[in-house]
Amino acid sequence: MPQELSKSYEPQNVEGRIYKAWEQSGVFAPNLNATKSPYSIILPPPNANGSLHMGHALYAIQDLLVRRKRMQGHPTLWLPGTDHAGIETQTEFEKQLKKDGKSRFDLGPDEFYKQTLEFTMKSQGVMLNQLRLLGFSLDWSKEKFTLDPDVISIVHDTFKKLHTQGLIYRANRVVNYSVVQQTSLADIEVKFIEKDGFMYTLNYGTVRIATTRPETIFADAAIAVNPEDERFTELIGKTATIPLVGRQIPIIADNHVDPKLGTGALKVTPAHDFNDYEIGLRHNLPQLSVIDLQGKMINVPEELLGLKPAAAREKTVEMLEAAGFLVEKKPIKHMVGHAERTGEVIEPLLTPQWFLKVKPLSSRAKETIEKGQITILPEHFVKPCLDWFENMYDWCISRQIWWGIRIPVFYRTNDDTSKEEYLISENEEEARAYFGDGNYRSGTDTFDTWFSSSQWPYITLKTNNLFDQFYPTSVMETGYDILYKWVARMIMMGLWQTDKIPFETVYLHGLVNDKTGRKMSKSKGNVVNPVDLISQFGADAVRFSLLYQVTGGQDQRVADDTLKMSRTFMNKIWNASRFVLMKVDDYEAENLEFVAVSDADREMKVKYDEFVIEYNKQLEQYRFGQAAETIYHFFWHQFCDVYVEKTKEQIPFPMPDNFDESMVKQTRDNLLWMLRNLLVLLHPYIPFITEEIYQILPIKNKKQFIMVEDWVE
RNA sequence: GGGCGGUUAGCUCAGUUGGUUAGAGCACCUCGUUUACACCGAGGGGGUCAGAGGUUCGAAUCCUCUACCGCCCACCA
C-alpha cells in the first residue's frame, strides 16, 4: 500500500495540484472526436468586477452535469465568461472615485471607461481563480468578456438588424429615471416598497381629485373621468382649475379611470406618470415637465423652484392648505418605486430613449414554451414565465451610464432639436455620407447590460466558431432570481437571432441564504464567502454540501451541519480507500472484474446494481440532492459498513498459511472494482478527492484522469 | 390586487407517478480502545407529517377551505 497516505483527508494538499494538472493537460476542452451527441452549457457570466458569492458556488450543478456527460463520452463544452455589469460596476467605481473627491464628470466618458476597465480587469482575475478553486471544469481557452471587441461587434450588428426590421425605435417617453445614477432603468430594476404617505384631496373648482403627489399638479394637462361615471357626465368637455396657479385644463373621458378609486376624477400628468403618459397620447395632451433630470423642480411657482420633489410636496401642501384648496389629508400606505441598486426613489421622467418593440419577440418566446420546446425546471416557473412574456412592455435598452457598450449612432444636430436625425453607425463618415454636411455628434448612451447578455449563448459560441456544433446549448442553469431579467430575454433574443431555441432545458436553482434563512446581502453583513468555506472544509465538501441541499428549486441555507457532514464523508471516502489499498497490498490489478466468490459478494453486487440504476435515474431527473443522498448512503452504509467489513474475513489478517489464494485475489479485484466505480460515480460531485485516490489505485491501464474515465451505467 | 413556494423528529431538511411499522444529517441515550476512519462502529429514544373537511380499500403525498411564514409580479390616482 502507498504508505504516504495521511490518516485523514487534507484537501489543501490536493486541490491546487490536481486542478493544475487537469488544466495543463487540456481535458477541459471538448473532445470533438467523440461521436455521441454534443453537450454544452454556457456559464452564466458573473460580474467581472465582483467576487464570488454562494450563488456562484451553486454552479457546481453545471460542473456535475458536465463532468458526467464528459465521462459518458459526449463532446462536452462548458464555456466561461464574465459580464461587465453596467450599472453595478459603474456604481462601484464611482464610489472609488468619490473617495478621491472626484466624479465621473471630472474624467469624461472615454477616460472614465478606460479607468473602469482597468478597475474591472483587476477583479476579474481574482474571480476567475475562485472558480478554479471550486474545481469547475470550464474550458478556459473559450473564455469571453462582454466587452471583447468581437462581442461588441455582434451586439452592434444585432442592434442594426433589429432597427432594420423596425423593431427598434427612439422616442421621448416616460421612463424610470435615476437622478442619482443619471440614467434610465428597466422596469425590472425598479423595486416597489411599501411606504407611509398621504392621500390628498384637492379642490379643482369643478371637481375634486385625489393624489399622493400634489407637487406635480403644475404639470397637469387634464382631468380624466370614466365615460360611464354618471357623477361626471355633465362635466366632460368643461374645464377644471389647477389650484394655486389657476390654469384651466380640460375634463376628458377615458376608460382607464376607475370610478371606485380616489374621487373618481384623475389628474393627468403625462410627463410624470406611466398611465398618464398613455392617456396623454390618446387625448393629445401637452407633456409638461416639472421635475428635471437632476431631480429638481422646474416650471413651478418660485417658492418651489429647485426643490427636490419630497420637499416640494410638503411646501405645496402648505400652500394649498393656506389657500383653502386642501380638502382632505389622509395617511395611507402605498407602493413607491426605488432603484434596486441605490435605493433612491425613482421618478418617471420624460426623456429620449431607445426602445425594443418586444411584442413580436415575446409572443414567439411564449409560443415556444407553450409548445414545450424548452423544458423549464422546476415546472412551477413555467406559468410565471409565460405571464411575463404576455405582459412585457417595450424594453428601454438605452442607459445614460458610460460603462458599457456604446449604442452605435450619430445624430445630426439641427436647429430644431425636436426633429433630430440619426443614423445607426459606428462612424461619423457614414453619417456624413448619408445626410450630407452638418454638425454631428456621437451618441453617448450605452446598452442595458441585459441587452448584450440576452444574446450570450449565441455570442459566445459564434465568436468561438462553435456555433454549428453546440447551438442550441443543452442546459441553462442559473438562479430563479434572474428568470425574467436574463433567461426569458435569452429565449426571446435567441429565437429572433437564430430561429432556434438557445437551450433545450432551463434548470433554475434556489437561493443560498444565511444560516437563519435570510437572504444574504452586503448591507445586512451576512454574506458568506465560498472561498472561506473552501479553506475551512475543502472544495469537495463545500460542493457536496451545496448539491446535497439542491431540491426542486428550493432555497437553501449555509448549514454548518451539512458542511461538517460532507467533510466527514470525504474523510470516510479517504479512509475506506486507505483500507482497500492496504488490503490490496502490493498487488496490481489487470482486467479488473467483479466476480462473486461469497454470499457477501453476491449480496453486494445485487445492492450495487440497484443503487447504480437508482443513482443514474436521479441524476437524469435533475434530482441532485436525492442522488447525493443515495450515493452517500450506499458508500457509507453499504460499501463500508457491510461489504468492507465482510472482506476482512475474505482477506484475513494475519493471513493463515493455507488460505485460499484465489479467494484473496478475487476479493482484491472486487474491492478495487467497487471502489473504482464508486469513485467514478462520485467524481462529478467531488472531483478532487476522487481524482487523488484514482491516481494511486493499483490498476493497470488506467486513464490519465478519472475525469475522463468511462461513466458507470 | 394577482401568483408562487413553504409549514414533516429538539434543530436543518429529504420524501415525483397515493401502498408495507414516515427517512437523513446534527443533537441526545446505551455499549464498544476489532489490523481504514473516534471526522469510527453496534444499538436506542424521539414525529396525531400546520388545522379542518373531502376522495379512496389505503393520503405527508390528490381535492376544497383556513391559518401562519417567505418570495415574485402589479401603472389603485
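Each chain gets a letter, A, B and so on, in the order its sequence line appears, and its residues count up from 1. Quick caveat: nothing in here was measured; it's all calculated off a predicted structure.
If you take atom C1' in B:A9 and the same atom in B:G25, they sit 12 Å apart, rounded to whole Å. Between the P atoms of B:G6 and B:A50, the separation comes to 12 Å (whole Å). Taking atom C1' on both B:A14 and B:C49, the two are 13 Å apart, rounded to the nearest angstrom. Taking atom P on both nucleotides, B:C72 is separated from B:C65 by 25 Å, rounded to a whole Å. Comparing the same atom, C1', in B:A22 and in B:C13 gives a spacing of 14 Å after rounding to whole Å. To the nearest whole angstrom, the two C1' atoms, one in B:G46 and one in B:U30, are 15 Å apart. The separation of B:A60 from B:U55, taken at their P atoms, amounts to 16 Å, rounded to a whole angstrom.
As judged by a 4.0 angstrom heavy-atom cut-off over every strand, A:His256 is placed among the base-contacting residues. A:Met570 comes within 4.0 angstrom of nothing in the nucleic acid, heavy atoms only. Within the 4.0 angstrom heavy-atom criterion, no nucleotide atom of any strand lies near A:Tyr9.
The side chain of A:Thr212 has B:A77 as its nearest neighbour among B:C4, B:A36, B:A77. Among the nucleotides B:C73, B:A14, B:C4, the one closest to the side chain of A:Ile188 is B:C73. Of the candidates B:A14, B:C73, B:A36, B:A36 carries the atom nearest the A:Glu645 side chain, counting heavy atoms from C-beta on. Closest to the side chain of A:Phe579, from the set B:A42, B:C39, B:A36, is B:A36. Of the candidate nucleotides B:C4, B:A24, B:U35, B:A24 has the atom lying nearest to any side-chain atom of A:Tyr548. Proximity note for A:Met582 (side chain, C-beta onward) versus B:A77, B:A36, B:C13: the nearest is B:A36. Nearest to the side-chain atoms of A:Trp636 among the listed nucleotides B:G41, B:G5, B:A77 stands B:G41. Closest to the side chain of A:Asp641, out of B:A77, B:A14, B:G41, is B:G41. Closest contact between the side chain of A:Arg557 and the listed nucleotides B:U12, B:A77, B:A36 involves B:U12. Considering only side-chain atoms of A:Arg623, the nucleotide from B:C37, B:G15, B:A36 that sits closest is B:G15.
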| task | Could you check A:Tyr643 against A:Asp601 for side-chain hydrogen bond (donor to acceptor under 3.5 Å, both in side chains), going step by step and ending with a plain yes or no? | result | CA-CA 8 Å; A:Tyr643 188 63; A:Asp601 288 344; 2.7 Å; yes
| said: Could you walk me through whether A:Lys524 and A:Asp514 satisfy the side chain to side chain contact (heavy atoms under 4.5 Å, CB included) test, starting with their C-alpha distance in whole Å, then the side-chain angles of each, then the deciding distance to 0.1 Å, before giving a yes or no? | reply: CA-CA 10 Å; A:Lys524 282 187 211 143; A:Asp514 75 1; over 6 Å; no
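Both A:Tyr393 and A:Pro654 lie near RNA chain B, and the one whose nearest nucleotide falls closer to the 5' end is A:Pro654. Both A:His637 and A:Gln554 lie near RNA chain B, and the one whose nearest nucleotide falls closer to the 5' end is A:Gln554.
Applying the 3.5 Å distance criterion, the base of B:C37 shares a donor-acceptor pair with the side chain of A:Lys572. Taking only distance into account, the side chain of A:Gln556 never meets the base of B:A14 through a donor-acceptor pair shorter than 3.5 Å.
Considering A:His272, A:Lys267, A:Arg313 as possible partners of A:Thr216, the one that fulfils the side-chain hydrogen bond (donor to acceptor under 3.5 Å, both in side chains) test is A:Lys267.
A cation-pi arrangement is absent between A:Lys572 and A:Phe639 under the rule of less than 6.0 angstrom and at most 45 degrees off the ring axis.
Under the 30°/60° scheme for interplanar angles, the aromatic rings of A:Phe634 and A:Phe611 are found to lie parallel.
When the P atom of B:A24 is taken as reference, atom CZ of A:Phe569 falls 16 Å away, rounded to whole Å.
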